[in-house]
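Below is one structure; the comments refer to it alone.
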Amino acid sequence: PNWERRVRASARPRSKTGFTVLVTGAAGFVGSHVSLALKRRGDGVLGLDNFNHYYDVGLKKARMGLLERSGIYIVDGDINDAVLLKKLFDAVPFTHVMHMAAQAGVRYAMQNPGSYVHSNIAGFVSLLEACKMANPQPSIVWASSSSVYGLNSKVPFSEKDRTDQPASLYAATKKAGEEIAHTYNHIHGLSITGLRFFTVYGPWGRPDMAYFFFTKDILRGKEIKIFETSDHGSVARDFTYIDDVVKGCLAALDTAKKSTGSGGKKKGAAQLRIYNLGNTKPVPVGRLVSILEKLLKVKAKKKVLQMPRNGDVPFTHANITLAQKELGYKPTTDLEIGLKKFVKWYVNYYGSKKKSAW
Ligand code: NAD
């Protein structure tokens, strides 16, 4: 049928690497950038996304338009749909899965806990089951999160640090994902690399993230809330530019060993890895706002409040020694440069199309 032909054509690799990659969450922020980068270097790419309504579906469709113009097809479906996954793995011999689909955001979990369990736990298991049964078995690279470090007070966060105090249900589901990855590696011989992203930002970003809605509110003259810690300290984030994160994702794909279908401890066994992908330069949110004010040439109306207990942590800061050593990961984009690119995109996208941002 037509559908299968489109799926196969989209996933045909054109490079010598011969990689054929299924990208879940391909209509999302990181997934769309990763898909385009893979396609650009000649890998075969097929997207999968359920276009959920967590934020503006119009933005997801616009990203899809970009991907389609590059010859990438996105299947509209859910990672929990085992029948669909089987059909996809039967149609295409995927060498890799880049798993970016998830219910993101920490605050939304207060009202919608089920969507985190659905996408981040049940959905991840469903995808790993499909990988386990596929022939060939793909290697998997997936997005965990810096949120697993939770209320850890030791900075910078390194991969060996404790992750037993998740501050949100989102963080708990990402931590659960890491445990699930361990069992599928250990029992079923899947090669799985988890990447702990640190506050990724950039063009085509996520409207629920602070840099994005601050830009929108500053331009509209709406008051923005800046939170400080209970002892009046600054809330800070290790903002990491999307292009740097994408390079880290591709390096993780390139260094992933093959899945072996046999348990983790045998010779030539499948690998289980976890890496921080951050910027190593935490920036207070107040500084983020002043950069935006400068770029937008508008003074923000600010209100400083004490941080509520809504799942956010006071600060994040990545130690990236391991990713540097094993992936050659090296972020190079300063926050001012990256935000300039974001603002340029934002003004162009929302200015010309008169869409509502969130
Ligand atoms: P995003 O919400 O833009 O992208 C996720 C995509 O997955 C969306 O398009 C959504 O429609 C899709 N999706 C969700 N549930 C699905 C399901 N059950 N089946 C199929 N598709 C589904 O988020 P993002 O910022 O691009 O994040 C990508 C990944 O990185 C996520 O796993 C997220 O948790 C993780 N992460 C992101 C950041 C960040 O700062 N952006 C930080 C840490 C971790």
Side-chain angles (χ1 to χ4, degrees), residues 22-35 47-64 67 74-82 84-85 88 97-106 108-109 112 114-127 130 140-149 157 168-178 181 194-212 237-242 244-246 248-249 252 274-279 312-313 316 318 338 342 358:
L22 174 66
V23 181
T24 72
F29 170 39
V30 183
S32 60
H33 281 273
V34 166
S35 299
L48 174 64
D49 202 294
N50 70 356
F51 295 89
N52 70 33
H53 287 69
Y54 170 56
Y55 62 79
D56 180 26
V57 178
L59 180 57
K60 295 184 186 182
K61 296 266 171 182
R63 295 188 191 118
M64 179 175 79
L67 267 57
I74 303 185
V75 174
D76 184 347
D78 198 295
I79 49 172
N80 283 281
D81 184 343
L84 172 65
L85 291 182
L88 293 178
V97 172
M98 186 64 92
H99 174 45
M100 296 291 134
Q103 177 58 57
V106 297
Y108 187 66
N112 299 279
S115 63
Y116 291 79
V117 177
H118 175 80
S119 291
N120 305 0
I121 299 183
F124 192 29
V125 171
S126 158
L127 181 68
I140 298 126
V141 174
W142 73 286
S144 181
S145 165
S146 62
S147 67
V148 298
Y149 294 110
F157 304 158
S168 65
L169 183 67
Y170 169 69
T173 60
K174 287 292 176 181
K175 167 79 174 155
E178 294 186 357
L195 302 173
R196 292 176 179 164
F197 296 161
F198 283 68
T199 317
V200 191
Y201 73 99
W204 298 98
R206 247 175 50 211
D208 62 325
M209 292 181 71
Y211 73 92
F212 198 116
R237 289 285 176 274
D238 197 359
F239 296 100
T240 311
Y241 190 60
I242 181 69
D244 290 323
V245 168
V246 167
C249 291
I274 197 99
Y275 298 104
N276 284 342
L277 292 188
N279 196 45
D312 274 327
V313 295
T316 61
F342 166 72
W358 162 243

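The first residue in the sequence is number 1, and the count goes up from there. Just follow the structure's listing: the first ligand is 1, and inside any ligand the first atom is 1.
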Q: Kindly give the heavy-atom pair with the smallest separation between Arg206 and Gly105, and that separation in Å.
A: NH2-N, 3.6 Å

Q: Check whether any side-chain heavy atom of Ile79 sits under 4.5 Å from a side-chain heavy atom of His99, and report yes or no.
A: yes

**Q.** Heavy-atom pair of closest approach, residues Lys61 and Phe51
**A.** CE-CD2, 4.0 Å

Q: Please state which part of Ser146 comes within less than 4.0 Å of ligand 1, counting heavy atoms only: side chain, backbone, both or neither.
A: neither

Q: Work out which heavy atom in Tyr241 is nearest to a heavy atom in Gly202; give both atom names and the distance.
A: CE1-CA, 3.9 Å

Q | Minimum non-hydrogen distance to atom 24 (P) of ligand 1, winning option of Met64, Arg206, Gln103, Met209 | A | Arg206

Q: Taking all heavy atoms of Phe212 and all of Gly205, pick out the closest pair and write down the distance.
A: CE1-O, 3.5 Å

Q.
Among all the protein's non-hydrogen atoms, which is closest to atom 22 (C) of ligand 1, and how far away is it?
A. Asn50 OD1, 3.2 Å

Q | Winner among Phe124, Tyr170, Trp204, Phe197 once heavy atoms are compared against atom 34 (O) of ligand 1 | A | Tyr170

Q: Say whether Asp208 and Tyr108, considering side chains only, have a donor N or O and an acceptor N or O under 3.5 Å apart.
A: no

Q | Protein contact to atom 15 (N) of ligand 1 [nearest heavy atom, distance to 0.1 Å] | A | Ser119 OG, 3.0 Å

**Q.** For Met100, the ligand 1 atoms whose distance to one of its heavy atoms is below 4.0 Å
**A.** 5 (C), 28 (C), 29 (C), 31 (C), 32 (O)

Q) Looking at atom 4 (O) of ligand 1, what's its closest protein heavy atom, distance included? A) Gly28 CA, 3.3 Å

Q | Top protein contact for atom 19 (N) of ligand 1, by heavy-atom distance | A | Ile79 N, 3.1 Å

Q: Take the angle between the ring planes of Phe342 and Tyr211 and call it parallel below 30°, perpendicular above 60°, tilted in between.
A: perpendicular

Q.
Checking a contact table here: which protein heavy atom is nearest atom 26 (O) of ligand 1, and how many Å away?
A. Val30 N, 2.8 Å

Q: Taking only heavy atoms of Ala143 into account, list the atoms of ligand 1 that are under 4.0 Å away from them.
A: 29 (C), 30 (O), 32 (O), 35 (C)

Q) Of all residues at least two apart in sequence or in a different chain, which pass the side chain to side chain contact (heavy atoms under 4.5 Å, CB included) check with Thr199? A) Met209, Arg237, Phe239, Thr316

(Q) Quick test: of every protein heavy atom, which one is nearest to atom 32 (O) of ligand 1, and how far off is it to 0.1 Å? (A) Lys174 NZ, 2.8 Å

Q) Are the side chain of Asn120 and the backbone N or O of Ala102 linked by a donor-acceptor pair below 3.5 Å? A) no

Q | ligand 1 versus Trp142: contacting region, heavy-atom distance under 4.0 Å | A | neither

Q.
Looking at ligand 1, would Ser144 count as a contact under a 4.0 Å heavy-atom criterion?
A. yes

Q.
For Arg196, which part has a heavy atom under 4.0 Å from ligand 1: side chain, backbone, both, or neither?
A. neither

Q.
Any heavy atom of Thr24 closer to ligand 1 than 4.0 angstrom?
A. no

Q | Shortest protein contact, atom 12 (C) of ligand 1 (heavy atom only) | A | Asp49 OD1, 3.4 Å

Q.
Using 30° and 60° as the class boundaries, would you call the ring planes of Tyr116 and Tyr170 parallel, tilted or perpendicular?
A. perpendicular

Q. Are Gly77 and ligand 1 in contact, using a heavy-atom cut-off of under 4.0 Å?
A. yes

(Q) Give the atom numbers and elements of ligand 1 that come within less than 4.0 Å of a heavy atom of Phe51. (A) 11 (O)

Q. Taking N or O atoms only and a 3.5 Å limit, does Phe29 qualify as a polar contact for ligand 1?
A. yes

Q. Should you measure from each heavy atom of Tyr55, which atoms of ligand 1 turn up under 4.0 Å away?
A. 1 (P), 2 (O), 3 (O)

Q) With a 4.0 Å cut-off on heavy atoms, does Gly123 reach ligand 1? A) no

Q: Please report which non-hydrogen protein atom sits nearest to atom 40 (O) of ligand 1, along with the residue it belongs to and the distance in Å to one decimal place.
A: Val200 N, 2.7 Å

Q.
For Val106, run the side chain to side chain contact (heavy atoms under 4.5 Å, CB included) check against Asp312, Leu169, Val313 and tell me which one passes.
A. Asp312

Q: Enumerate the atoms of ligand 1 whose separation from the nearest heavy atom of Ala102 is less than 4.0 angstrom.
A: 5 (C), 7 (O), 14 (C), 15 (N), 31 (C), 32 (O), 34 (O)

Q) Taking atom CG of Asn276 and atom CG of Leu195, what is their separation to the nearest 0.5 Å? A) 9.5 Å

Q: Enumerate the atoms of ligand 1 whose separation from the nearest heavy atom of Asp78 is less than 4.0 angstrom.
A: 17 (C), 18 (N), 19 (N), 20 (C)

Q) Where is the tightest heavy-atom contact between Phe198 and Thr240, given as atom of each residue plus distance? A) O-OG1, 2.9 Å

Q: Report the residues that fulfil side chain to side chain donor-acceptor pair (under 3.5 Å) with Tyr275, sequence neighbours left out, ordered by chain and then residue number.
A: Arg273, Glu326

